[in-house]
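Computed over heavy atoms, backbone and side chain alike; hydrogens, waters and symmetry mates excluded. Quick note on labels: first sequence line is chain A, next is B, and so on, each numbered from 1.
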Amino acid sequence: MNIEAQLKEKVLEAIQQMYGQVVDPASIQIQKTRKDFEGDFTLVVFPLLRISKKPPEQTAEELGGYLRDHLAEINSYNVIKGFLNLTINNSFWITYLNNVAAEVNYGFIHKKEKPNTVLIEYSSPNTNKPLHLGHIRNNLLGYSIAKIIASQGDKVVKVNLVNDRGIHISKSMLAWQKWGNGITPEEAGKKGDHLVGDFYVKFDQEYKKQIEELIQKGQSEDDAKKNAPLILEAQEMLRKWEAHDESTIALWKKMNSWVLAGFDVTYKNLGVDFDKIYFESDTYKLGKEIVQEGLNKGVFFKKDDGSVWVDLVEEGLDQKLLLRTDGTSVYITQDIGTAHQRFLDFNADEMIYVVGNEQNYHFQVLKLIMNKLGYSFSEYLFHLSYGMVELPEGKMKSREGTVVDADDLMDEMIRTAEEMSRELGKLDGYNEIEKAQINRTIGLGALKYFILKVDPKKNMTFDPKESIDFNGNTGPFIQYSYARIKSLIKKAQEKGIQIPDEINSNTELSLKELQLIKLIHTYPEVLYESSESLSPAIIANYIYELAKEYNQFYHEYPILNEENSDISVFRLFLSAQIGKIIQSGMNLLGIDVPERM
RNA sequence: GGACCUGUAGCAUAAUGGAUAGUGCAUCUGGCUACGGACCAGAAGGUUGGGGGUUCGAGUCCCUCCAGGUUCACCA
């Protein structure tokens, strides 16, 4: 049982003994004592006043006395207003630290009683253009959340649903056919996703010209958009694709393979992966039968024109189309189908969709529909809705060429890390391969941390010109702290100092050391919180605080230079544990830490 | 117009309903004869968008107003 639970139990006992009442455990608030006060844990007594029927100070005093006398771990207490601050024995903290050192993955839940299978979908790109900054946020979030959930003992399945069909795909295909002269990525010297993206842009440009011409000839804008020859051709191409026209399918396969090869490179660079990749070309017909069943059951209704709808007016929403007049499906139809399919494929208990907040409504509807259809898992569908990444001048617009490309951005970050290293002379004497590896770790660490430290649901601004900081609350700051710990340990080993498996429990602790151990103590809780709220930002902020506190300690206290060898060894031991946690936390964010930098 | 989300210092970002709202960048001032200065110490910067309410206690919960965003397609 952890110390907070013990405290809580004793408080309940104390109340029963002294005031003769059994209280709701929820009214017992044990929290970490704020830095500016003396103590380790604080009991807020205000909620207990109606039971004690005494003033806050007196109640706190009485409870404090009882706890001190009945719980060996409590060393002393003090009362400030309605706050009872309890101080725990040093030996408790050192024993705790020894346990941390003995654990393989401290903070993880190794054997959950009843592990769930959690399916997490992220990335979900379209195969008509390369990945951009928005996808980076999506991928980093999905990948990190998957790791975090796994750390809490559940089984995680990472899936990607690639949108590889539809009118937008036809557009780039058509443009390549018309203006590409058969060019391949090899000939163009480009990644396939970028090449295909170029033709998507080309389509748009030519399409706009045609619209303009038609408007000149007197058509309305809406008509012009519908009647432009290019869009008609693209629609025709989509029809051919759906009719399995051989040459269309061949072209589609060829171009998609280029794009997917390009994505693979980007994913690899970014360090994300998947257990299973679904393609919409396989799944887009799913869901129709389920809608039909729903229709039979009277959950949905059919309009006179034959289209099928669900009525969500009672839920405060509108009516939503599920099948078109011609019987074909819309986007949500296939989402109904894929949800069903995946729960079957993996026998999943939960499913998380990492999708931007512009689709909040969509997922609200999806969940309601699954519920109406009677799927018990509807309760366990979660939309991890994240905010947009905006530029200082506003939203990214492909038309204005302000889209920040994922590959370019990663390259730029690594280049910035290189410049930084060179200016600081940090990597003098390392060979080129080592340098490249370290700069990559740092550049990507800066990017990933910058994005993940922000609460997912918030929109964030990203300034590519000023780039990303390498000082302060950043990935490199944390990486640096880690590298320095590694360096310390290496130096110690060179001096023949052994870091022991455990530390004597009556070692004296400074306030700073105690503070660090207390921070270490909260790590499991941080992981839990982060997993529950699907927010890597909680871990990011924690690791930053840990690194920052450690750096202060590092400056204030000699470690290897400490003359008392017991103290020196203790500080090394503490440093090593902190290094482990930094590494563990960063790993959950998908960020590497360098041995040196 | 309906629904949902967000508003914290110049910018960025924290705070299970708890004590004096933390932190970084930028600005200013100090600290390298080093266990690694990508660091540390200090200064300055706030009516937590406005107004009500609930509570012993509100950045946090409720109401209202303001500002911004998203969405409400026989698109995906």
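Toward the 5' end of RNA chain B, the nearer of the two residues Gln319(A) and Ile559(A), judged by each one's closest nucleotide, is Ile559(A). With the nearest nucleotide of RNA chain B identified for both Leu321(A) and Phe46(A), Phe46(A) has the one nearer the 5' end.
As judged by a 4.0 angstrom heavy-atom cut-off over every strand, Asn85(A) is placed among the base-contacting residues. In this structure, Tyr557(A) reaches the bases: a heavy-atom distance under 4.0 Å links it to at least one base atom across the strands shown. In this structure, Pro56(A) reaches neither bases nor backbone, as no heavy-atom distance under 4.0 Å exists between it and the strands shown. In this structure, Phe37(A) reaches the bases: a heavy-atom distance under 4.0 Å links it to at least one base atom across the strands shown. Within the 4.0 angstrom heavy-atom criterion, base atoms lie near Thr42(A). Using a 4.0 Å heavy-atom cutoff across all strands shown, Met388(A) reaches no nucleic acid atom at all. When heavy atoms are screened at a 4.0 angstrom cut-off, Ala492(A) is found touching no nucleic acid atom at all. Contacts of Phe477(A) with the nucleic acid, taken as non-hydrogen atoms under 4.0 Å apart, involve only primed sugar atoms and P, OP1 or OP2. As judged by a 4.0 angstrom heavy-atom cut-off over every strand, Leu323(A) is placed among residues making no nucleic acid contact.
Across all strands shown, nothing is found opposite rG57(B) as a Watson-Crick or G-U wobble partner with both distances under 3.5 Å. Pairing for rG46(B) is absent, with no Watson-Crick or G-U wobble pair whose two atom distances lie under 3.5 Å. Pairing partner, rG68(B): rC5(B), with both Watson-Crick or wobble hydrogen-bond distances short of 3.5 Å. Nucleotide rG37(B) is matched to nothing when pairs are restricted to Watson-Crick or G-U wobble geometry with both distances under 3.5 angstrom. Pairing partner, rG24(B): rC11(B), with both Watson-Crick or wobble hydrogen-bond distances short of 3.5 Å.
Considering only the side chain of Ser421(A), rA38(B) comes nearest among rA3(B), rA38(B), rU6(B). Side-chain atoms of Lys548(A) lie closest to rG24(B) of the nucleotides rG24(B), rU20(B), rC25(B). Between rG36(B), rA38(B), rG31(B), one nucleotide has an atom nearer to the side chain of Met420(A) than all others, and that is rA38(B). Looking at the side chain of Asn561(A), the nearest of the listed nucleotides rC35(B), rU70(B), rG18(B) is rC35(B). Closest to the side chain of Lys491(A), out of rC35(B), rG18(B), rA76(B), is rC35(B).
Ser575(A) and Tyr550(A) share a side-chain donor-acceptor pair at under 3.5 Å. A donor-acceptor pair shorter than 3.5 Å can be found between the side chains of Asn85(A) and Thr42(A). Using modelled atom types, one finds no donor on one side chain facing an acceptor on the other under 3.5 Å when comparing Thr474(A) with Asp469(A). Between the side chains of Tyr19(A) and Glu62(A), at least one donor N or O lies within less than 3.5 Å of an accepting N or O. Side-chain contact, Glu525(A) with Thr522(A): no donor N or O sits under 3.5 Å from an acceptor N or O.
Put simply, the residue from Val355(A), Val354(A), Asn360(A), Leu534(A) that forms a side-chain contact (heavy atoms from CB on, under 4.5 Å) with Ser385(A) is Asn360(A).
Using a 4.0 Å cut-off, some side-chain N or O of Gln552(A) falls inside it from OP1 or OP2 of rA41(B). Residue Asn357(A) has no polar side-chain atom (N or O) positioned under 4.0 Å from OP1 or OP2 of rU71(B). For the pair Arg34(A) and rA21(B), the criterion of a side-chain N or O lying under 4.0 Å from OP1 or OP2 is not met. Taking 4.0 angstrom as the limit, Lys426(A) places none of its side-chain polar atoms (N or O) nearer than this to OP1 or OP2 of rC39(B). For the pair Arg422(A) and rA38(B), the criterion of a side-chain N or O lying under 4.0 Å from OP1 or OP2 is not met. Residue Arg324(A) places none of its side-chain N or O atoms closer than 4.0 Å to OP1 or OP2 of rA73(B). Using a 4.0 Å cut-off, some side-chain N or O of Asn551(A) falls inside it from OP1 or OP2 of rC40(B). Considering only side-chain N and O atoms, Tyr480(A) lies under 4.0 angstrom from the phosphate OP1 or OP2 of rA38(B).
With rounding to the nearest 0.5 Å, the separation of CD1 in Ile543(A) from CD in Gln583(A) is 10.5 Å.
Only the P atoms considered, rG22(B) is 14 Å distant from rA9(B), to the nearest whole Å. Taking atom P on both nucleotides, rC5(B) is separated from rG37(B) by 47 Å, rounded to a whole Å. rU8(B) sits 12 Å from rU48(B) when the P atoms are compared, rounded to a whole Å. Across the C1' atoms, rA12(B) and rG17(B) are found 27 Å apart, a figure rounded to whole Å. rG59(B) and rG18(B): their C1' atoms are spaced 13 Å apart (whole Å). Taking the P atom of each, rG10(B) and rU33(B) are spaced 38 Å apart, rounded to whole Å. If you take atom C1' in rC72(B) and the same atom in rA58(B), they sit 34 Å apart, rounded to whole Å. Across rG57(B) and rA21(B), the matching C1' atoms stand 15 Å from one another, rounded to whole Å.
Remark: C1' of rA19(B) and CD of Glu57(A) are 13 Å apart, rounded to the nearest angstrom. If you take NZ of Lys171(A) and P of rC75(B), they are 13 Å apart, rounded to a whole angstrom. Nucleotide rC72(B) holds its P atom 16 Å from the CG atom of Leu368(A), rounded to whole Å.
Note on ring orientation: taking the six-membered ring where Trp is involved, the planes of Phe83(A) and Phe46(A) are perpendicular (angle over 60°, cut-offs 30° and 60°). Taking the six-membered ring where the residue is Trp, Tyr353(A) and Phe363(A) present tilted rings, their angle falling between 30° and 60°.
For the pair Arg165(A) and Tyr284(A), the distance from NZ or CZ to the six-membered ring centre is under 6.0 Å and the angle to the ring normal is within 45 degrees.
Counting distance only, with no hydrogens placed and no angle test, the side-chain atoms of Thr474(A) and the base atoms of rA38(B) include no donor-acceptor pair under 3.5 Å.
In this structure, Phe83(A) does not pack face-to-face on the six-membered ring of rG18(B), missing the 5.5 Å centre cutoff or the 30° plane limit.
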Whether each nucleotide of nucleotides 7-16 of chain B has a protein heavy atom under 4.0 Å at its base (B), only at its sugar-phosphate (S) or at neither (-) is summarised, 5' to 3', as S----SSS-B
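For the pair Ser531(A) (side chain) and Leu527(A) (backbone), a donor-acceptor distance under 3.5 Å is absent.
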